[in-house]
Amino acid sequence: MQNASQPAKKNTSRIISAAVVVCGVFVAAVSGIVLFSCDKPDPKSSEQYETATTGKAELLCDESIATFMQPTFRLFDSSYNDAAVGIKAVSAREAMTQLFGTKARGIVIARGYLADEDSLLKANKVPAHASTIIATDALVFAVQRNFPLDTISLAQLQRLFSEKGVSLKGMFPQLKTEPTIICPDSYSSEYGNLLLYLTKNAAPKHAITLTKNAAEAKAAVLSNPNAIAVGYLSQFARETTLKMLKIGFQDTTGSYVRPKAVHQSYIVMGKYPLPIKIQGLLLEDRRNLPWGYITFLRNDVRTKEYFLKNGIVPEGARFNLIPDEE
């Protein structure tokens with residue numbers, strides 16, 4: 001264990017139609033990333049014969065989204081018989097470490113660079129890795145249906161995790177005891193995104209119970225009525241026994257956005273403050289098999305439909321939204 005509102009009138013928005021369009025083919029506590037020089041591949045190697053849809057490669061996938069992404073991986077496998085792409089699920093931190101060390105040719109991950117990773121690039125005057133956004137998920141806070149809170153503000157979450165001595169019980173008198181905050185371990189993308197959004201990359205000041213993985217975090221909140229699980233919309237969108245806390249926030253214009261239901265339509269409209277990009281990062285910026293694989297995940301109409309049906313936002317899809325404000 002580590003030592004993490006305004007009332008809102010109801011606001012709903014319905015996705016009336018979603019046309020999916022193919023657009024063309026942690027801080028110091030976690031250390032160990034080493035940046036090696038990115039040597040060009042040996043022209044005599046067999047890699048020179050691979051294309052965007054033929055050859056053999058292994059990619060790494062953030063384990064927090066690996067199960068969710070698996071059906072899209074199978075779509076590529078069934079579409080290109082001359083390509084053999086293995087996907088290995090590892091922690092987000094491990095995926096980044098392998099990419100920085102040129103041990104991985106590409107990764108699929110649900111977070112951006114942490115502070116030390118970004119600093120390492122800058123210190124070595126190395127550009128950011130070639131990246132492709134595949135879909136937009138969201139960082140969420142899931143609780144049981146009878147949990148006393150429905151809403152919270154982004155500012156309150158930031159205070160909770162970044163200021164010593166702040167508690168949810170102190171903010172919300174209706175809470176009889178301090179809730180247990182549950183999150184996958186410090187190598188996970190959930191934990192990394194908590195740092196990026198809520199603590200400015202500093203160690204959290206509020207106690208967090210860390211679990212081995214996202215499945216254990218979900219199981220923990222299902223069994224504990226006084227728990228709050230940090231996770232992704234893709235993990236909880238179809239979980240009927242839990243609810244996700246609505247989060248109010250100030251937008252870039254300074255206007256307050258009232259808490260809305262955690263839903264893909266509000267992510268599209270920019271009315272949820274914690275969007276998470278699922279993206280592919282590549283070791284080499286060229287049109288080889290890893291590039292072809294990541295591009296497929298972004299562009300294939302079937303992958304877009306899969307993301308849409310499972311509650312997150314496909315990249316490049318077109319939405320016709322009709323807001324229904326009550």
Side-chain angles (χ1 to χ4, degrees), residues 13-25 51-54 57 59-83 85-87 89 92 95 106-112 129-140 189 193 214 231-239 244 260-272 274-282 287-323:
S13 177
R14 294 175 290 122
I15 296 182
I16 301 304
S17 64
V20 180
V21 181
V22 176
C23 303
V25 281
T51 71
T53 56
T54 64
L59 303 182
L60 304 182
C61 183
D62 176 352
E63 62 187 0
S64 292
I65 58 171
T67 299
F68 175 73
M69 292 293 294
Q70 189 61 46
T72 68
F73 300 155
R74 289 196 294 266
L75 284 172
F76 182 91
D77 294 340
S78 63
S79 298
Y80 299 103
N81 295 330
D82 293 329
V85 180
I87 300 294
I107 66 174
V108 178
I109 191 168
R111 71 160 171 82
H129 296 90
S131 65
T132 297
I133 296 171
I134 297 167
T136 302
D137 207 326
L139 189 69
V140 302
S189 58
N193 281 314
Y232 293 136
L233 177 58
S234 58
Q235 298 164 356
F236 294 100
R238 296 196 168 193
E239 182 53 69
M244 292 171 280
K260 305 282 194 302
V262 187
H263 189 272
Q264 62 195 165
S265 60
Y266 287 121
I267 296 173
V268 172
M269 292 187 287
K271 296 190 176 185
Y272 185 74
L274 303 174
I276 300 299
K277 300 298 183 183
I278 297 176
Q279 60 182 326
L281 299 180
L282 297 171
R287 299 196 174 195
N288 52 16
L289 183 54
W291 175 88
Y293 196 87
I294 298 300
T295 302
F296 174 91
L297 297 179
R298 180 192 188 279
N299 288 344
D300 187 81
V301 66
R302 295 165 298 173
T303 68
K304 292 177 185 290
E305 290 171 346
Y306 172 77
F307 296 139
L308 186 68
K309 290 176 181 178
N310 285 277
I312 68 170
V313 182
E315 185 67 12
R318 295 178 183 176
F319 293 86
N320 294 323
L321 299 173
I322 299 178

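Note that the structure is a prediction, hence the values are computed from the model and not measured.
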- Task: Evaluate the criterion side chain to side chain contact (heavy atoms under 4.5 Å, CB included) for residue pair N310 and I312; output intermediate values, then yes/no.
- Result: CA-CA 6 Å; N310 285 277; I312 68 170; 5.9 Å; no
- The side-chain contact (heavy atoms from CB on, under 4.5 Å) partners of Q235 (sequence neighbours excluded) come to S64, E190, A214, Y232
- Kindly say whether V108 contributes a backbone atom to a donor-acceptor pair with the side chain of D62 at under 3.5 angstrom? no
- Can you name the closest pair of heavy atoms from F73 and A66 and give their distance? CE1-O, 4.3 Å
- Message: The criterion is ring-ring contact (aromatic ring centres under 6.0 Å, His included); which residues satisfy it with F68, sequence neighbours excluded?
- Response: Y306
- Item | Contacts of R74 that satisfy side-chain contact (heavy atoms from CB on, under 4.5 Å) - sequence neighbours left out | Q70, P71
- Message: I'd like to check the side chain to side chain donor-acceptor pair (under 3.5 Å) partners of T136; sequence neighbours left out, ordered by chain and number.
- Response: K277
- Which residues satisfy the side-chain contact (heavy atoms from CB on, under 4.5 Å) test with S131, sequence neighbours excluded? Q279, L281
- Could you give the distance from CD1 (I87) to OG1 (T72), rounded to the nearest 0.5 Å? 8.5 Å
- From CA spacing to verdict: side chain to side chain contact (heavy atoms under 4.5 Å, CB included), L233, I267: CA-CA 11 Å; L233 177 58; I267 296 173; 3.7 Å; yes
- Item | With A83 via side-chain contact (heavy atoms from CB on, under 4.5 Å) - residues at least two apart | F76, Y80, L289
- Taking K304 for the side chain and E315 for the main chain, is one N or O donor matched with an acceptor at less than 3.5 Å? yes
- Query: Donor-acceptor pair, Y272 side chain versus L139 backbone, under 3.5 Å?
  - Reply: yes
- Task: Would you please test K309 and R238 for side chain to side chain contact (heavy atoms under 4.5 Å, CB included) and show each step?
- Result: CA-CA 10 Å; K309 290 176 181 178; R238 296 196 168 193; 4.3 Å; yes
